[in-house]
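Taking it in order: structure first as structure tokens, then the write-up.
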Amino acid sequence: MKALLCTRYGTPDDLEIADIAVPEPGAGEALVKIEAAALNFFDTLIIAGKYQFKPAPPFSPAAEFAGTVEKLGAGVTSVKVGDRVLGYMTYGAAREHVAVSAERLLKIPDALDFDRAAGLCITYGTTLHALKDRAKLKTGESLAVLGASGGVGLAAVELGKIMGARVIACASSDDKLVFAREHGADLGINYASDDLKEALRRVTDGRGVDVIYDPVGGPYTEPSLRSIAWQGRFLVVGFAAGDIPKLPLNLVLLKGCDVLGVFWGAFIERDPQGHRANTQQLVDWCVQGKISSHVHSVYPLAEGRAALKAIAARQVMGKVILRP
Ligand SMILES: NC(=O)c1ccc[n+]([C@@H]2O[C@H](COP(=O)([O-])OP(=O)(O)OC[C@H]3O[C@@H](n4cnc5c(N)ncnc54)[C@H](OP(=O)(O)O)[C@@H]3O)[C@@H](O)[C@H]2O)c1
């Protein structure tokens with residue numbers, strides 16, 4: 001089978017397409033024919049050896065996927081051959097087949113296409129965990145989303161609306177803000193041209209923002225924290241801008257606010273039932289048209305380098321999909 005391989009840590013240009021053996025599913029595993037593998041920003045870090053997981057090369061990027069069950073290992077009863085499924089792994093889905101624990105798979109209905117299903121598990125799963133389990137976002141609260149047109153950012157816009165929040169999209173271009181508003185955001189702030197702290201205060205009539213969703217970090221974190229409401233919640237999701245910001249803790253004291261870490265990978269290990277329930281909810285919402293799982297572009301596996309370069313260049317709105 002064909003696989004997109006990282007044979008040494010580096011840039012997308014260092015990735016190679018190779019022929020490798022189709023794996024045999026072990027006990028408790030299913031062999032899945034990958035129909036769509038969704039890329040995330042962290043794939044650009046994994047292949048550079050700069051992520052929290054540093055797999056030994058050779059390995060494939062892509063941690064979430066959708067496909068068809070082709071073969072079962074011993075003892076698997078939760079899925080059967082022919083089932084359409086979505087699933088996740090820490091890395092390794094950018095290839096034609098994967099053997100994965102059946103517990104990591106969830107059946108999907110025919111009404112949900114593989115491309116949109118592939119991006120639900122991690123991208124939307126992280127955000128539902130953040131807004132529901134961590135911030136406990138309530139109807140009528142304001143929610144500011146940084147990087148609002150990116151993968152998890154768009155998910156936060158859409159899930160924030162479902163949860164009844166007033167969603168303030170924040171992004172680096174007017175095009176990205178138009179896109180976020182088309183997906184439900186109530187208003188937008190261009191943080192490349194506007195002062196983020198002042199703008200967030202302005203659009204909340206000086207009250208400040210109840211919940212801030214930050215997958216970007218870098219220069220945007222502190223100005224947004226300075227605009228948080230009394231007893232607001234600040235969600236630390238990621239650092240796509242590169243720098244991990246340091247926060248003056250006096251701000252947390254003065255605002256009486258909570259700074260909440262979001263770590264989806266640890267959450268699903270500690271609360272597998274909660275994760276399954278969240279994922280099923282996301283599948284249902286996607287089938288009902290309540291969330292888009294918007295696909296920005298689909299690349300053949302052989303063009304995986306270009307797909308990762310587009311993410312690193314900040315060009316993507318929604319998800320990038322690889323089709324083996
Ligand atoms: N905590 C968790 O469990 C968890 C789970 C999944 C993902 N994450 C993290 O969440 C972050 C976003 O992931 P994603 O897959 O949604 O990424 P994405 O689709 O690439 O979106 C990231 C957004 O960050 C903004 N950005 C600012 N500076 C950037 C830069 N130098 N390069 C790229 N983007 C930049 C961009 O929006 P603007 O141009 O509008 O600024 C972009 O839309 C990553 O740090 C990822 O590791 C965390």
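Computation of the quantities below employed the complete heavy-atom set of this structure, encompassing side-chain atoms and omitting hydrogens, waters and symmetry-equivalent molecules. On a predicted model such as this, the values are computed, not experimentally measured, just so you know. Counting starts at 1 for both ligands and their atoms, following the listed order.
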For ligand 1, which atoms, with element, lie under 4.0 Å from some heavy atom of [X]?
X      : result
Gly150 : 19 (O), 21 (O), 43 (O)
Ala171 : 40 (O)
Phe263 : 3 (O)
Phe42  : 47 (O)
Ile311 : 20 (O)
Thr126 : 2 (C), 3 (O), 4 (C), 5 (C), 6 (C)

**OP:** Apply the test side-chain contact (heavy atoms from CB on, under 4.5 Å) to residues Leu31 and Val69: give CA-CA distance (whole Å), side-chain angles for both, the deciding distance (0.1 Å), then the verdict.
**Re:** CA-CA 6 Å; Leu31 180 72; Val69 175; over 6 Å; no

Subject >> Arg201 atom CZ, over 12 foreign heavy atoms within 6.0 Å >> reply: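 Atom CZ in Arg201 is packed in, count exceeds 12.
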
Would you mind checking which non-hydrogen protein atom is closest to [atom], with the distance to 0.1 Å?
atom                    : result
atom 36 (C) of ligand 1 : Arg314 CG, 3.7 Å
atom 30 (C) of ligand 1 : Ala240 O, 3.2 Å
atom 40 (O) of ligand 1 : Ser172 N, 2.9 Å
atom 25 (C) of ligand 1 : Val216 CG2, 3.9 Å
atom 17 (O) of ligand 1 : Phe41 CB, 3.1 Å
atom 2 (C) of ligand 1  : Val262 O, 3.6 Å
atom 19 (O) of ligand 1 : Gly151 N, 2.7 Å
atom 7 (C) of ligand 1  : Val152 CG1, 4.0 Å

Original post:
Does Arg226 reach the main-chain N or O of Lys197 with its side chain, forming a donor-acceptor pair under 3.5 Å?
Top reply: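 No, the answer is negative, given that no donor and acceptor are paired below the 3.5 Å cut-off.
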
Original post:
At a non-hydrogen distance cut-off of under 4.0 Å, which region of Asn40 contacts ligand 1 (side chain, backbone, both, or neither)?
Top reply: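 Both backbone and side chain.
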
Original post:
What part of Phe239 sits under 4.0 Å from ligand 1 if we count only heavy atoms: the side chain, the backbone, both or neither?
Top reply: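 Phe239 to ligand 1: backbone contact only, side chain stays beyond 4.0 Å.
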
Original post:
Got a second to check how far Ser172's OG is from Ile189's CD1, nearest 0.5 Å?
Top reply: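 Spacing of OG (Ser172) from CD1 (Ile189) equals 13.5 Å.
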
**OP:** Please name the residue in the list Leu131, Asn278, Val237 that meets the side chain to side chain contact (heavy atoms under 4.5 Å, CB included) test with Thr126.
**Re:**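 One option only clears the test, and that one is Val237.
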
Subject >> Minimum non-hydrogen distance to atom 11 (C) of ligand 1, winning option of Ala313, Pro215, Gly218 >> reply: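 Ranked by closest heavy atom to atom 11 (C) of ligand 1, first place is Pro215.
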
**OP:** Using the six-membered ring of Phe114, assess whether NZ or CZ of Arg84 lies under 6.0 Å from its centre and within 45 degrees of the ring axis.
**Re:**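 Positive - Arg84 is close enough to the ring of Phe114 and near enough to its axis.
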
Original post:
Closer than 4.0 angstrom: is that true for some heavy atom of Tyr191 and an atom of ligand 1?
Top reply: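 Within the 4.0 Å threshold, so yes.
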
Subject >> Leu120 and Cys286: CA distance, side-chain angles, deciding distance, side-chain contact (heavy atoms from CB on, under 4.5 Å) verdict >> reply: CA-CA 9 Å; Leu120 282 178; Cys286 202; 4.0 Å; yes

Original post:
Using the ring of each side chain (for Trp, its six-membered ring), is Phe267 parallel, tilted or perpendicular to His129, with breaks at 30° and 60°?
Top reply: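 Phe267 and His129: parallel rings.
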
Original post:
Under 30°, 30 to 60°, or over 60°: which ring-plane class applies to Phe42 and Tyr51, parallel, tilted or perpendicular?
Top reply: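 Rings of Phe42 and Tyr51: parallel, as their planes differ by under 30°.
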
Original post:
Mind checking whether Tyr124 and Trp264 have ring centres under 6.0 Å apart?
Top reply: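 Judged by ring-centre distance (under 6.0 Å), Tyr124 and Trp264 do not meet the cut-off.
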
Original post:
Do Leu112 and Val283 have side chains that get closer than 4.5 Å, going by heavy atoms?
Top reply: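 Yes, close enough: below the 4.5 Å cut-off.
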
Subject >> ligand 1 to Lys176 polar contact by distance, N or O atoms, under 3.5 Å >> reply: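 Right, the criterion is met.
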
Original post:
Picking from Arg166, Arg181, Lys161, what satisfies side-chain hydrogen bond (donor to acceptor under 3.5 Å, both in side chains) with Asp186?
Top reply: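 Result for side-chain hydrogen bond (donor to acceptor under 3.5 Å, both in side chains) with Asp186: Lys161.
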
